[in-house]
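Beneath this line is the structure, given in structure tokens, with notes to follow.
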Amino acid sequence: MLLRANKKEFEAFLDSAAVYWRKNLGSTSSQRYIVVEIFHQDIRVAIRNLAFANAIRRLVPAQLVVVTGVEAMWHEALWTEFDVKLVERIAKAYGASQVLDLYQLVEGKVNAGTPRSVQVELFGQPLPPGRPISEQRLAEFVNATYCRVAKMPRPPEGRTDDPRYRRRQALAESLATVYDALLGSGSAVGLVTSHVDYDHWGLAVDSARRAGIPIVHTQQTGCLKAYALFPENDTGEHTFRGELTHQIGAFFEQRVWPRRTELRRNAELVAWRSKVNLGRPSWWRGGANASVDISNSDERARLRTHFATRMGFDPSRPIVAVFNHAVSDALGTNHESFPTLADWFEETARFASTSTEVQWLFQDHPSQFRYDNTGFFDSVAERYARHRHMVFQPSTKLSKNGLWSLVDFGVTVRGSVSNELPAYGIPVLQAGWSEWSECGLSTVVNDVESYWKALDSAVTAMLNGEELITTEQVERARLWLWFYRSATDLFTPQVPQWEVWPDEYMIKSVLTAFRHIESDADPLFGAVERMWTQREPVLTRMDLQVPGGVH
């Protein structure tokens, strides 16, 4: 846990949290439990998980079991600090009956060479082993985690000779054993997690799905945002994110799109706010260069000439922007057209090198340094340095004004630009699924052949001066921005807006809520009850089943 708050304030926060939850939950004799993970060092992530879990516990009497811990490779790859003792104290304040340091539990077995022999105890009793993960699924988690912690775009040949890979494999085997017992015992009522990928998060999700228990996936943005996969709605045909893609698309189609007329004013307001980055998406474009103040086509044309000239482009010819993703980010997390994100980017650059009728702008992810140690983007850029119709650069080198004035067509895999660009009339092609890809905002393809056909068709259409986005797609994209930023962003005093930071300010805000804001007025409890009882895939501020409920 990364925490630099005033110690006196932190102690007051813990005391207030303990009193608040003791009064709001009381005691229970139930031996059922809800599992909450705290593997992220940010306290904002922890309180989102804990608050949501406790709201469920008001509906379903259950103990609170927290899993946590830190491991050397994850620490080197991502964390600056991680204090398990602080996690334990926060978990106890929120009413945890037991806190399990999973890495402390499994590392002894890993070091002894017996990773699958971990015995799990809860409340002083051994848990029976659960239904085990398949070897293929386990290998997928190992490969994705290895690439993430090693910061490489794809699993290399000969990786099994790397001691780091073998360690990841042994750890995954042990963690899977623990989660299978913990979540498959028949006593778990749910899992609340901040992430659904990699080993210590994704293996928990996989175990929960096989055990048939609900999974809540909280988000690191806004106030309290969360998705949920309930077992009765899980087809088992896709990854966790793939299942959500279908369910969120259906929810949007049934609950939001039919109300487009009454929501139009709201959607227009959110679209305007999005232009200056007052919230997410567009997290990749922050700070002073986030504002977009282009208000008409004449202004766009003048800016386009300026930025195109600066980058060596001809403003009269179409410009395609390709948005590189964080290349080691959650490989295999959803349905994608190409084997890896790196394959997609490399192959798209190869296609662009032969498509000289249009101009190509390749933008790298602003946080790539956290995901890649190999210089992948620069190596691709160097390969095509002699092609004057192709420009490679970090996305932070171009303001939103520049981006919006230049781009005629966007290409991505699952990035947020695929819902933001269409809101401003810029068409997008997605070579993979995202949570919004079934909401009708962009062109989504499911395989390599369809991708090349769609890309080639888009190039031809641009050269012919054809429109590549419909009025309906623009309206759907703006409705999605409203849905994402407003309807599914629950305002509760227990979870301050993500930007309430540094930690001492955030802690003071939550402390004040615990001490001075009455719990019967807290929208957290009603919203979670609605999601849980109606088995909805997304937490909402209001009941979208009720006519007029959006006001």
Side-chain angles (χ1 to χ4, degrees), residues 136-148 151-156 195-199 201-202 205-206 209 217 227 229 235-249 281 284 320-352 362-365 367-368 371-372 374 376-377 380 409-422 427-458:
Q136 178 182 347
R137 191 79 179 112
L138 184 68
E140 291 170 359
F141 280 110
V142 173
N143 286 334
T145 307
Y146 174 70
C147 287
R148 179 65 188 92
K151 299 181 183 179
M152 56 181 61
R154 54 173 70 89
H195 294 70
V196 297
D197 317 299
Y198 311 120
D199 48 20
W201 292 299
V205 170
D206 198 75
R209 291 183 71 185
H217 176 22
Y227 298 118
L229 180 60
T235 69
E237 296 177 3
H238 307 285
T239 64
F240 176 91
R241 293 185 188 274
E243 295 288 334
L244 279 184
T245 293
H246 290 323
Q247 293 184 30
I248 291 170
W284 55 275
V320 180
V322 180
F323 297 89
N324 192 27
H325 202 71
V327 292
S328 66
D329 181 32
L331 302 183
T333 189
N334 210 334
H335 181 88
E336 290 164 8
S337 301
F338 290 79
T340 68
L341 302 169
D343 290 325
W344 161 74
F345 191 73
E346 284 184 322
E347 289 300 305
T348 302
R350 182 197 57 77
F351 176 94
F362 290 83
Q363 297 258 91
D364 199 13
H365 195 283
S367 297
Q368 198 69 269
Y371 293 87
D372 182 36
T374 69
F376 171 75
F377 182 84
V380 178
F409 188 73
V411 183
T412 185
V413 178
R414 58 181 187 244
S416 62
V417 290
S418 60
N419 66 56
E420 191 173 55
L421 291 178
V428 169
L429 172 65
Q430 281 186 251
W433 294 3
S434 58
E435 63 206 69
W436 53 84
S437 62
E438 289 198 0
C439 297
L441 328 179
S442 58
T443 299
V444 183
V445 294
N446 294 327
D447 55 60
V448 173
E449 183 180 358
S450 299
Y451 176 72
W452 296 130
K453 286 182 179 178
L455 192 53
D456 190 58
S457 176

Could you grab the distance from atom [atom1] of [X] to atom [atom2] of [Y], nearest 0.5 Å is fine?
| X | Y | atom1 | atom2 | value |
| --- | --- | --- | --- | --- |
| Cys147 | Asp372 | SG | CG | 10.5 Å |
| Phe240 | Thr333 | CZ | OG1 | 9.5 Å |
| Trp433 | Thr245 | CH2 | OG1 | 6.5 Å |
| Leu421 | Thr412 | CG | OG1 | 9.0 Å |
| Gln363 | His325 | CD | NE2 | 15.0 Å |
| Arg209 | Thr239 | CZ | OG1 | 7.0 Å |

ask   = After noting the C-alpha distance and the side-chain angles of Asn143 and Leu331, does the key distance pass the side-chain contact (heavy atoms from CB on, under 4.5 Å) rule?
value = CA-CA 8 Å; Asn143 286 334; Leu331 302 183; over 6 Å; no
Quick one: does [X]'s side chain get under 4.5 Å of [Y]'s, heavy atoms only?
| X | Y | answer |
| --- | --- | --- |
| Phe409 | Leu455 | yes |
| Val320 | Val411 | yes |
| Arg414 | Leu341 | yes |
| Pro153 | Thr340 | no |

message = Any donor-acceptor pair under 3.5 Å linking the side-chain atoms of Gln430 with those of Ser437?
response =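 Distance-only check fails for Ser437 and Gln430.
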Can you tell me if [X] uses its side chain to pair, donor with acceptor, with the backbone of [Y] under 3.5 Å?
| X | Y | result |
| --- | --- | --- |
| Gln368 | Val327 | yes |
| Glu346 | Val380 | no |
| Asn324 | His365 | no |
| Ser328 | Tyr371 | yes |
| Glu243 | Gly236 | yes |
| Tyr198 | Ala144 | no |

Partner residues of Asp343 under the salt bridge (charged side-chain N to carboxylate O under 4.0 Å, His left out) criterion, sequence neighbours left out = Arg154
key: Contacts of type salt bridge (charged side-chain N to carboxylate O under 4.0 Å, His left out), residue Asp206, not counting sequence neighbours   =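 Only Arg137, Arg210 meet the salt bridge (charged side-chain N to carboxylate O under 4.0 Å, His left out) criterion with Asp206.
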Applying side chain to side chain donor-acceptor pair (under 3.5 Å), can you list everything that pairs with [X], at least two apart in sequence or on another chain?
| X | answer |
| --- | --- |
| Tyr227 | Glu435 |
| Ser457 | none |
| Glu449 | Lys453 |

message = Run the ring-ring contact (aromatic ring centres under 6.0 Å, His included) test against Phe377 and tell me which residues pass, sequence neighbours left out.
response =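 With neighbours one apart ignored, the set is Phe345, Phe392.
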task = Pick out which of Trp344, Trp452, Phe362, Tyr451 makes a ring-ring contact (aromatic ring centres under 6.0 Å, His included) with Phe351.
result =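 The ring-ring contact (aromatic ring centres under 6.0 Å, His included) with Phe351 is passed solely by Trp452 among Trp344, Trp452, Phe362, Tyr451.
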message = Run His335 and His238 through side-chain contact (heavy atoms from CB on, under 4.5 Å) and show every step you take.
response = CA-CA 8 Å; His335 181 88; His238 307 285; 5.6 Å; no
Heavy-atom pair of closest approach, residues [X] and [Y]:
| X | Y | answer |
| --- | --- | --- |
| Gly432 | Ser337 | N-OG, 4.3 Å |
| Val445 | Ala454 | CG1-CB, 4.0 Å |
| Val428 | Pro422 | CG2-CD, 3.9 Å |
| Trp436 | Gly415 | CZ2-O, 3.2 Å |

ask   = Should Asp197 and Arg241 be marked as a side-chain contact (heavy atoms from CB on, under 4.5 Å) after you check the CA-CA gap, both sets of side-chain angles, and the distance that decides it?
value = CA-CA 9 Å; Asp197 317 299; Arg241 293 185 188 274; 2.8 Å; yes
